[in-house]
Amino acid sequence: TSGNIGVVTTESGKVVIRTLYRSCYDSKKQYVVDRNRRLARLLGAEGAILPMCSVYLRTVLLFAPCFLLNHILTAFVRNDGNPKLAMAAMLADHIGYLFFPQALWMRCVGRLAFPIFAFQVAEGWYRTHDRRRYFLRLALCGLLSEIPFDLAIGGQLIDPGYQNVLWTFCIAAAALWAMEALQRQLQIPLPPAALCAGAAGYLLGEALQSDYFGPGVLTVLVFALCRQWHIGRLPELAAMLVINGWLLPSADMTLWGVTLPVELLATAALLPLWLYRGRQGSHSPVLQGIWYAFYPAHLLLLWWLARSIGI
């Protein structure tokens with residue numbers, strides 16, 4: 001402290017600030033060292049081991065938040081049958097749509113849902129032992145979800161102009177099936193087969209007016225192709241930017257003075273998806289039934305709540 005006072009009396013104001021800052025920095029550093037040593041003693045370190053243990057603890061504590069974040073996200077996105085993060089984002093999106101239409105942040109959170117579900121459909125397509133049953137499960141869930149979707153989103157029992165997202169996934173699964181059939185039966189290489197199947201799926205999604213339309217079908221195909229080709233993350237990022245920033249219709253938001261489409265936030269879903277390591281977790285028939293039932297059940301519940309309070 002006396003050294004700092006001597007500098008204050010003999011140096012310029014600029015040096016005074018630097019010296020005082022260094023003094024504060026040193027005191028904070030000493031506090032961290034003392035705290036680490038107390039923690040090390042609590043864990044049983046003593047003697048010559050204590051300084052080394054303090055250094056190791058400082059490193060562990062520095063990276064602990066990263067490890068915790070990694071485990072949290074991988075717990076949400078760890079297999080194709082346990083889409084908890086996507087379900088939470090979808091629930092927030094639909095609550096915002098029905099009850100808080102001015103809360104843009106809820107719709108922004110909801111943009112994470114579709115890419116994660118699309119990724120899981122692509123993963124499920126290649127992991128399933130029976131693709132026919134997988135497709136029929138998607139179609140059956142789409143059929144059972146149509147009336148709840150029309151009631152909650154369209155406000156009427158039957159809305160022929162807008163279909164639920166399960167039909168988008170059915171179209172994407174059919175496009176994947178067609179792509180493989182073109183390769184296997186007609187010996188067409190993967191790029192032109194993918195182009196033909198993707199174009200047909202896009203047009204069918206637009207014609208059926210299923211949720212996320214043709215670009216939603218393309219999203220599933222992008223994840224499937226990147227999985228097959230092992231071409232890394234950059235093509236996925238580029239495709240998501242094009243699909244969500246250009247192809248999908250979207251409301252606008254202003255961020256730091258720049259107007260951007262809200263759907264562009266769906267690109268952020270790549271962050272948890274890139275943490276996926278291909279490990280398949282619990283996928284019993286009961287759990288699968290719960291995941292499939294969540295979509296129509298939460299739509300019915302939200303519609304009933306909205307009707308009960310007169311929205």
Side-chain angles (χ1 to χ4, degrees), residues 64-100 103 105-128 134 137-138 140-142 144-145 148-149 152-153 164-170 172-173 211-212 216 219-220 222-224 226-227 233 236 240 244 262-263 265-305:
C66 300
F67 290 131
L68 289 174
L69 181 62
N70 176 69
H71 286 300
I72 289 171
L73 291 179
T74 51
F76 274 120
V77 190
R78 66 183 181 188
N79 62 79
D80 52 63
N82 193 0
K84 291 181 287 188
L85 177 59
M87 291 163 62
M90 179 175 64
L91 181 61
D93 183 37
H94 290 162
I95 290 175
Y97 177 82
L98 289 172
F99 299 99
F100 308 103
W105 69 269
M106 300 186 75
R107 306 307 310 278
C108 292
V109 170
R111 299 312 95 206
L112 299 175
F114 181 78
I116 297 176
F117 281 129
F119 173 84
Q120 291 164 340
V121 167
E123 279 289 303
W125 180 257
Y126 287 107
R127 285 182 176 273
T128 184
Y134 187 82
R137 280 200 304 269
L138 289 175
L140 178 61
C141 188
L144 295 176
S145 301
F149 178 83
I153 305 301
N164 73 77
V165 74
L166 269 300
W167 298 117
T168 303
F169 293 146
C170 284
D211 202 10
Y212 288 89
T219 303
V220 179
V222 164
F223 286 128
C226 289
R227 185 187 194 278
R233 296 170 178 175
E236 282 184 339
M240 289 289 286
N244 294 283
V262 174
E263 286 294 341
L265 294 174
T267 309
L270 290 176
L271 295 176
L273 291 179
W274 286 342
L275 294 174
Y276 176 71
R277 294 294 180 265
R279 296 189 299 269
Q280 192 170 20
S282 302
H283 56 287
S284 66
V286 174
L287 285 177
Q288 285 186 351
I290 292 174
W291 308 141
Y292 279 107
F294 176 81
Y295 184 64
H298 93 279
L299 287 172
L300 269 180
L301 177 61
L302 293 179
W303 167 76
W304 177 78
L305 288 174

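Positions are given from 1 along the sequence. All heavy atoms count here, side chains included; hydrogens, waters and symmetry mates do not.
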To the nearest 0.5 Å, what is the distance between CG (L166) and CG (D211)? 10.0 Å
Distance (rounded to the nearest 0.5 Å) between L85 CG and Q120 CD: 9.0 Å
Candidate pair L138 and Y134, rule side-chain contact (heavy atoms from CB on, under 4.5 Å), full reasoning: CA-CA 6 Å; L138 289 175; Y134 187 82; 3.8 Å; yes
Does the side chain of L305 reach to within under 4.5 Å of the side chain of F99, using non-hydrogen atoms? yes
CD1 (I116) and NZ (K84) are apart, to the nearest 0.5 Å, by 12.5 Å
Listed pairs under 3.5 Å, donor-acceptor, residues 292-299 side chains, sequence neighbours left out:
residue: H298; atom: ND1; partner: F294; partner atom: O; Å: 3.0
residue: H298; atom: ND1; partner: Y295; partner atom: O; Å: 2.8
residue: H298; atom: NE2; partner: H94; partner atom: ND1; Å: 2.7

Applying side chain to side chain contact (heavy atoms under 4.5 Å, CB included), can you list everything that pairs with L140, at least two apart in sequence or on another chain? L144
Name all residues meeting the side chain to side chain donor-acceptor pair (under 3.5 Å) criterion together with W274; count only those two or more places apart in sequence or in a different chain, and write none if there are none. E236
Which residues pass the salt bridge (Lys or Arg N to Asp or Glu O under 4.0 Å) test with R227, sequence neighbours left out? E123
Any residue meeting side chain to side chain donor-acceptor pair (under 3.5 Å) with N244, in chain and number order, not counting sequence neighbours: none
Run the ring pair (Phe, Tyr, Trp, His ring centres under 6.0 Å) test against W125 and tell me which residues pass, sequence neighbours left out. W177
All side chain to side chain contact (heavy atoms under 4.5 Å, CB included) counterparts of L112, not counting sequence neighbours: A89, A268, A269
Minimum side-chain heavy-atom gap V222-M240 below 4.5 Å: no
For a quick test of reading the model, state the closest non-hydrogen atom pair linking A113 to A86 and the distance between them. CB-O, 3.5 Å
Calculate, to the nearest 0.5 Å, the distance between atoms CZ and CH2 belonging to F117 and W291 respectively. 10.0 Å
In short, L98 meets A152 closest at the heavy-atom pair CD2-O, 3.1 Å
Roughly how far, to the nearest 0.5 Å, is CE of M90 from CD1 of I95? 10.5 Å
Strictly distance-based, threshold 3.5 Å: is any side-chain N or O of S145 a donor or acceptor partner for the main-chain N or O of C141? yes
Side chain N164, main chain G142, donor-acceptor under 3.5 Å: yes
Looking at residues at least two apart in the chain, or sitting in another chain, which of them share a side chain to side chain donor-acceptor pair (under 3.5 Å) with T168? S210
Restricting to pairs with a member in residues 106-121, which pass salt bridge (charged side-chain N to carboxylate O under 4.0 Å, His left out), not counting sequence neighbours? D93-R107, D93-R111, R111-E263
Considering non-hydrogen atoms only, spot the tightest contact between F223 and P115 and give its length. CE1-O, 3.4 Å
Could you pull out all residues at least two apart from F114 that satisfy ring pair (Phe, Tyr, Trp, His ring centres under 6.0 Å)? F169, Y212
